[in-house]
Amino acid sequence: MKTNVGGIDKIIRILAGVALIAWALMGGPVWAWIGVVPLATGLLGWCPAYTLFGMNTCPLSKK
């Protein structure tokens, strides 16, 4: 797995994931648990969808 998520993208994913999970924990809709996905991809620095579409926001692995 090469890193393909970088910088601002990671921060946005982590914040969105935490916000969605917090919403689910506070009685929000069941679909809010989807926040686990952006949280995990942000923490790991790798997104399978980015790999599928050939995208990369990590400046270190664009070489």
Side-chain angles (χ1 to χ4, degrees):
M1 275 189 326
K2 285 187 175 182
T3 302
N4 63 3
V5 177
I8 301 296
D9 195 5
K10 271 187 176 185
I11 294 168
I12 292 170
R13 287 169 182 264
I14 292 169
L15 292 175
V18 168
L20 284 168
I21 292 169
W23 187 25
L25 288 171
M26 293 187 315
V30 174
W31 62 263
W33 284 105
I34 197 73
V36 170
V37 175
L39 179 62
T41 59
L43 292 173
L44 293 173
W46 180 76
C47 178
Y50 275 15
T51 302
L52 183 65
F53 295 114
M55 295 174 62
N56 189 344
T57 61
C58 183
L60 296 177
S61 60
K62 285 186 179 179
K63 297 177 183 178

On a heavy-atom basis, the closest approach of Pro38 and Gly17 is CG-CA, 4.0 Å

Report the residues that fulfil side chain to side chain contact (heavy atoms under 4.5 Å, CB included) with Leu25, sequence neighbours left out, ordered by chain and then residue number.
Ile21, Trp33

How far does CG of Leu20 sit from CD1 of Ile34, to the nearest 0.5 angstrom?
9.0 Å

Hydrophobic side-chain clustering at under 4.5 Å (ILVMFWY, transitive links): who's grouped with Ile8? Put none if nobody.
Ile12

Can you pull the salt bridge (charged side-chain N to carboxylate O under 4.0 Å, His left out) pairs that have at least one residue in residues 10-33, sequence neighbours excluded?
Asp9-Arg13

Evaluate the side-chain proximity of Ile14 to Leu39: yes if any heavy-atom separation is below 4.5 Å, no if none is.
yes

Taking side chain to side chain contact (heavy atoms under 4.5 Å, CB included) as the definition, give me every residue that meets it alongside Ile11, ordered by chain and number, with sequence neighbours left out.
Leu15

Closest non-hydrogen atoms of Thr51 and Trp46, given as atom of the first, atom of the second and distance, are OG1-NE1, 3.2 Å

Work out which heavy atom in Pro48 is nearest to a heavy atom in Thr41; give both atom names and the distance.
CD-CG2, 4.3 Å

Residues pairing under salt bridge (charged side-chain N to carboxylate O under 4.0 Å, His left out) where one sits in residues 31-48, two or more places apart or in two chains, turn out to be none

Test: salt bridge (charged side-chain N to carboxylate O under 4.0 Å, His left out). Region: residues 18-38. Which pairs qualify, not counting sequence neighbours?
none

Minimum heavy-atom distance between Thr3 and Cys58, given as atom pair plus value:
CG2-SG, 3.7 Å

